[in-house]
Amino acid sequence: MKKISRRDFIKVTAAGMGALAISTGLMGCSSDDDGNAPYQVTFSHGVASGDPLSDRVIIWTRALPDDAGAEVSVSWEVADDAGFTNLLHTGTTQTSAAQDFTVKVDVLNLQPGATYYYRFTANGATSPAGVTKTLPTVSPEQVKFAVFSCANYPAGHFNVYAEAALHDDLDAVIHLGDYIYEYGAGGYATEDAAAIGRTLPDDNANEILTLADYRKRYALYRSDANLQALHHKTPFITVWDDHEVADDTWKSGAKNHNEGEGEFEDRKIAALQAYFEWMPIRPVVDDNQEIIYRQFQFGDLVSLYMLDTRVLARDKQLDYLDYLDPVSGNFNAPQFSADVSDANRTLLGAEQRNWLQNAMAASNATWQVLGQQILMGRMLLPAELLTQLLDPDPNTILPAFAELANIKGRILMGDPSVTDAERARVETVLPYNLDAWDGYAAEREVLFETAKAMNKNLVALAGDTHNAWASDLKTLSGDHVGVEFATASVSSPGLETYLSLPDDATTIAQTELGVTTLVSDLQYLNVNQRGYLLTTFTADEARADWRFVDTVKSPTYQLAAARSVSYKTLPGQNDRKLIAV
Ligand SMILES: [Fe+2]
């Protein structure tokens, strides 16, 4: 992996990848902020920071002039006090329409584990101030992340971001993707948009395909006051999931990329360019927008590996419909089983996988944390539920869950009356989410065996499903190698919508109990609420606290405290399983 070289001058690349100004950032770079330029500048998309290291952090803003042809000179300041009386680093950079008037500066020569305040000025206008924090070099007593995924603007208010912005002790926000959604008006999860005042603007109301479309979609999302508040307060460490390009993206296509929408490659390049312009992410390789896997080190406590399971190398998802005979309904189990366990199927690709294995080998941190998109835990359900799960009807699937969970419960209790036929019904299982690691089982096993061989404490963070989950991570031979904590969505609808669950507490509780009973490695599921995940790492435990809001359909909400739960895992070879707190 190539590191960004140090430069003792300000570099402005206009290569259109979120032109990154790099500054050693000491005082003395003269400001040529021209207060008399013939245009007005606004900072209406706020500020952001991201990718903190022990000596540097990215700061971001958008300096939008009322003249689209303007070259805007933007000055920035970094101070160690909220009043900006003690300026430590200043500089000036340029932005223009070529980068959608976004500004990114990699501020170097910072102190480890320190809090900084930053802001921008242009042509007499001043941005809001942001707060950020560098990574520690000595081992901290704790590291705390707030973890998010799946923020869908037309589907709901970003109350989850608002709630998280109340924390004062976060080390970083980890965003696992679906930061935006690509759909147009009338697309997925837009049915409440008009009623809740979250419609798409007229000039961006279609499915987004071009660079201009993607840029406008980011501008819409970043106009949200709750998202801005969280960005202003905490540095983000982000990866994309599929909807930053299109639904179910893989390396050469996407389920939601169709004929008549142009070349997928062109769309992907546009989407990734807008991502690099709008997100406070540091390019990993100069002039390459496709590589985002990277490492963050929190002393000897946490090694955080951010992964790309989507764009770089993912093989196309398997589809159950390819294995079901449309006439007889018969399922070609041998062929499916051979394909899903094919050792060549990959999500990471050999280069990223080797990088991860080498980085884990070199790390002596207590916790090896994977910041990645999709569920890693084994989510196997009885095979007889397959056709029902492909097109769920609550009138039949809920009783089926209950009946099978009852059998499984009797087996777990050692009930001697369980028949062989009953046992076969619950022990003949299939993965139900082929877009997740379950569809790439051989590569998952390689990672689990790596963690086992190195005796590492693995903690996988996941998003993508819109529901909250906790699973034990086990090798095929049953050895615990770690745990998975998966966050609910910020606003996208979850399983309660997919399964058409009635909104009553008893049905919700029974469904959660049924699924967690049937899925052996699954310990916890919240099937119906929007929220985020707080993870706290100390020398003794990795803890997850899920926080849910009671609604996203109104800007006023309450924390649904009664439904928050906590799990923890302890370090050490034999104890890496989930414990309810
Ligand atoms: Fe999503």
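Whatever order the structure lists them in is the order used to number ligands and atoms, beginning at 1. These numbers come from the heavy atoms of this one structure, side chains and all, not from hydrogens, waters or symmetry mates.
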*Does Lys577 reach the side chain of Gln523, with side-chain heavy atoms less than 4.5 Å apart?*
no
*the Fe ion (ligand 1) is nearest to which N, O or S atom of Asp178?*
OD2
*asked:* Any N/O/S atom from Tyr181 (main chain or side chain) under 2.8 Å of the Fe ion (ligand 1)?
replied: yes
*Hey, which N, O or S atom on His466 ends up closest to the Fe ion (ligand 1)?*
NE2
*side-chain contact (heavy atoms from CB on, under 4.5 Å) partner of Val481, chosen from Leu473, Asp472, Leu447*: Leu473
*Thr309 and Gln373: side-chain donor and acceptor closer than 3.5 Å?*
yes
*Single hit among Trp469, Trp546, Phe485 for ring pair (Phe, Tyr, Trp, His ring centres under 6.0 Å) with Tyr524*: Trp546
_Could you check whether Arg198 makes a cation-pi contact with Phe158, meaning its NZ or CZ is under 6.0 Å from the centre of the six-membered ring and within 45° of the ring axis?_
yes
*asked:* Distance check below 2.8 Å: does Asp241 bring an N, O or S atom to the Fe ion (ligand 1)?
replied: no
_Residue Cys150, metal the Fe ion (ligand 1), N/O/S under 2.8 Å_ = yes
